[in-house]
Amino acid sequence: MSKARGWTVEARARKRRIGPAATLLLLAPLVGEVLNGATRLSYIFSFVPQVMVWGCGALIAREVAHRLRAGWMGTLALGLALSLLVELLVLQTSLAPIPFLALASLPAYDRIGGVNWLWLWFMLGYEVVWIVLVPVLVTELLFPARRHEAWLGRRGLAIASVTFAAGCVGLWALWTQIAVPLAFKQPKYWPPVSALLVSVLVTVAPVAAACALRNRTDATGPSERTPPSPLLVCLAGALFALPWWGLIVLVFVPQESLEPWMPLALGTGWAALTVLAVRRWAGARGWSDRHRWALAFGALLVCMGAGYLGSHTWPAIDLIAKALLNVVAVERMIALGRGVWRRSAIDPAISSARSHTIELGPRTTDHEGANPRT
């Protein structure tokens with residue numbers, strides 16, 4: 001009996017260890033690719049390499065930020081590095097002519113100097129938010145007791161890194177060598193060596209920025225400001241997210257009278273305003289898991305809703321599958337919200353606890369709740 005009990009305890013401990021990591025592995029590509037409709041049922045087989053790249057990439061970004069104790073800005077910087085790596089070196093969609101445009105005989109409105117600038121800008125914001133930040137935030141809400149801990153040991157991090165590297169190679173081959181010439185009838189594109197070298201340097205820069213944030217502390221602690229209500233935070237999350245889709249709309253609906261640098265500048269300013277506003281709210285005393293859930297939910301609703309742009313060309317089965325998945329996602333987020341509200345009412349201290357990776361605001365001392373293995 002005691003031996004059986006020992007196996008049960010060990011199984012529970014293993015589940016507790018791998019639960020957050022496994023959840024994030026699936027959530028990153030699920031939120032960023034499937035719920036949005038970028039990956040439809042017709043080619044759901046690509047979800048496997050996406051788990052290897054986006055899932056492992058988001059998990060590595062979260063784990064490295066945790067080990068650096070770089071706060072949510074460190075996670076953001078590493079998410080930016082992940083996006084640059086995929087866009088410039090793996091899929092190369094920001095360097096190669098966009099096959100969707102060639103297939104539809106649309107002019108390359110934003111392609112200047114061998115770079116698809118509006119596409120790149122949109123993807124950087126999209127992938128940082130909906131591939132990394134939102135999935136990490138939702139995972140931490142699902143596992144509040146583990147938000148201050150590492151989710152991978154050294155061996156797990158090494159396995160995730162090897163899987164990520166293999167996924168990058170596989171995704172590069174699947175897209176650039178197979179999908180583009182066969183599905184889109186476009187010639188294979190080989191970026192200039194100089195462009196690839198610059199891409200490597202640009203990708204490394206956010207990693208260096210994350211390292212510079214190592215052991216960052218905030219001596220002032222939470223301010224005495226009162227954060228907006230969760231409802232307002234949800235609406236604000238949607239409001240901040242929605243205009244970002246204007247960048248990608250311009251790619252497919254070019255406006256020749258509008259110089260590309262104008263939406264690029266507006267997009268950059270809007271992104272900075274979003275970061276500053278959310279950081280200010282999250283730095284207020286009383287910011288809690290209710291607000292975090294509301295922020296994630298608002299952003300997720302926009303991600304799913306904007307995915308219907310251009311869906312009139314989809315097969316009916318893809319449209320039905322996306323709609324059903326979106327309904328399930330909304331129901332699951334509402335269920336998570338009920339749990340967050342219930343948990344907050346029982347133990348407000350857990351709800352207001354500050355995370356070392358995705359917390360949007362001042363952080364507490366780094367030793368609090370830290371995992372001794374890291």
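Owing to the predicted nature of the structure, the values given are computational and were not obtained by experimental measurement.
The cluster map of Ile, Leu, Val, Met, Phe, Trp and Tyr, joined by side-chain heavy atoms under 4.5 Å apart, puts Leu26 and Ile44 in the same cluster. Both Val31 and Leu336 are members of a single hydrophobic cluster when ILVMFWY side chains are connected at heavy-atom separations under 4.5 Å. A single hydrophobic cluster is not seen to contain both Val48 and Leu24; linkage of ILVMFWY side chains at heavy-atom distances under 4.5 Å, directly or through other members, places them apart. Hydrophobic clustering of Ile, Leu, Val, Met, Phe, Trp and Tyr side chains at less than 4.5 Å, counting indirect connections, unites Leu300 with Ile334. The hydrophobic cluster containing Trp190 does not contain Val193, counting ILVMFWY residues as joined when their side-chain heavy atoms lie under 4.5 angstrom apart, directly or transitively.
Between Glu140 and Arg292 there is no salt bridge, since no side-chain N of the basic residue sits under 4.0 Å from a carboxylate O of the acidic one.
Side-chain contact between Leu78 and Pro206: absent, with no pair of heavy atoms (C-beta onward) separated by less than 4.5 Å. The closest side-chain heavy-atom distance from Trp172 to Val53 is not below 4.5 Å. Within the 4.5 Å cutoff, no side-chain heavy atoms of Met123 are placed close to those of Leu120. The shortest distance between side-chain heavy atoms of Pro29 and Thr39 does not fall below 4.5 Å. Counting only heavy atoms from C-beta outward, the side chains of Phe122 and Val251 never approach each other to under 4.5 Å.
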Full working for side-chain contact (heavy atoms from CB on, under 4.5 Å) between Trp341 and Arg338: CA-CA 5 Å; Trp341 254 256; Arg338 292 197 188 102; 5.8 Å; no
- request: Could you give me the CA-CA distance, side-chain angles and deciding distance for Leu295 and Phe240, then say whether side-chain contact (heavy atoms from CB on, under 4.5 Å) is met?
  value: CA-CA 10 Å; Leu295 185 64; Phe240 282 131; over 6 Å; no
task: Decide side-chain contact (heavy atoms from CB on, under 4.5 Å) for Val233 and Trp293; before the verdict, give the C-alpha distance in whole Å, the side-chain angles of both, and the deciding distance to 0.1 Å.
output: CA-CA 9 Å; Val233 169; Trp293 174 88; over 6 Å; no
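Under the side-chain hydrogen bond (donor to acceptor under 3.5 Å, both in side chains) criterion, Trp175 pairs with no residue at all, not counting sequence neighbours. Scored by the ring-ring contact (aromatic ring centres under 6.0 Å, His included) test, Tyr109 finds no partners at all (sequence neighbours excluded). A search for side-chain hydrogen bond (donor to acceptor under 3.5 Å, both in side chains) contacts involving Gln186 returns nothing, not counting sequence neighbours. Thr268 pairs by the side-chain hydrogen bond (donor to acceptor under 3.5 Å, both in side chains) definition with Trp121, not counting sequence neighbours. Legend: residues meeting side-chain contact (heavy atoms from CB on, under 4.5 Å) with Ala335, ordered by chain and number and at least two apart, are Glu331, Arg332. With sequence neighbours excluded, the residues that form a side-chain hydrogen bond (donor to acceptor under 3.5 Å, both in side chains) with Lys188 are Gln177. Shown here are the salt bridge (charged side-chain N to carboxylate O under 4.0 Å, His left out) partners of Arg111, two or more places apart in sequence or in another chain: there are none.
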Identify each donor-acceptor pair in which a side-chain atom of residues 124-138 lies under 3.5 Å from a protein atom, sequence neighbours left out, and give them as a table.
residue: Tyr126; atom: OH; partner: Gly32; partner atom: O; Å: 2.5
residue: Glu127; atom: OE1; partner: Ser83; partner atom: OG; Å: 2.5
residue: Trp130; atom: NE1; partner: Ala299; partner atom: O; Å: 3.0

Please list, one pair per line, the donor and acceptor atoms closer than 3.5 Å that link side chains of residues 85-96 to other protein atoms, with sequence neighbours excluded.
residue: Glu87; atom: OE1; partner: Thr93; partner atom: OG1; Å: 2.6
residue: Glu87; atom: OE1; partner: Ser94; partner atom: OG; Å: 3.1
residue: Glu87; atom: OE1; partner: Trp119; partner atom: NE1; Å: 3.2
residue: Thr93; atom: OG1; partner: Trp119; partner atom: NE1; Å: 3.4

Please list, one pair per line, the donor and acceptor atoms closer than 3.5 Å that link side chains of residues 301-312 to other protein atoms, with sequence neighbours excluded.
residue: Tyr308; atom: OH; partner: Asn326; partner atom: OD1; Å: 2.8
residue: Ser311; atom: OG; partner: Tyr308; partner atom: O; Å: 2.7

For residues 197-204, which side-chain N or O atoms pair as donor and acceptor with protein atoms under 3.5 Å away, sequence neighbours left out?
residue: Ser199; atom: OG; partner: Ala195; partner atom: O; Å: 2.7
residue: Thr203; atom: OG1; partner: Ser199; partner atom: O; Å: 2.8

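Of all heavy-atom pairs spanning Leu247 and Pro263, the tightest one is CD2-O, 3.5 Å. The two residues Ile112 and Trp117 make their nearest non-hydrogen contact at O-NE1, 3.0 Å. Closest approach of Met262 to Leu258, counting heavy atoms only: SD-CD1, 3.4 Å. Residues Ala61 and Gly79 share a closest heavy-atom pair of CB-N, 4.4 Å.
With Trp244 contributing its side chain and Gly267 its backbone, the two residues share no donor-acceptor pair below 3.5 Å. Side-chain atoms of Trp151 come within 3.5 Å of backbone atoms of Arg146 as a donor-acceptor pair (strictly under, hydrogens ignored). The closest donor-acceptor contact from the side chain of Glu63 to the backbone of Ala150 lies at 3.5 Å or more, if one exists at all. With hydrogens and angles ignored, the 3.5 Å screen pairs no side-chain donor or acceptor of Trp314 with any backbone N or O of Ile320.
Under the salt bridge (Lys or Arg N to Asp or Glu O under 4.0 Å) criterion, the residue pairs touching residues 305-323 are Arg40-Asp318, with sequence neighbours excluded.
Atom CD1 of Ile60 is separated from atom CG of Leu82 by 8.5 Å, given to the nearest 0.5 angstrom. Rounded to the nearest 0.5 angstrom, Leu59 CG and Leu152 CG are separated by 4.5 Å.
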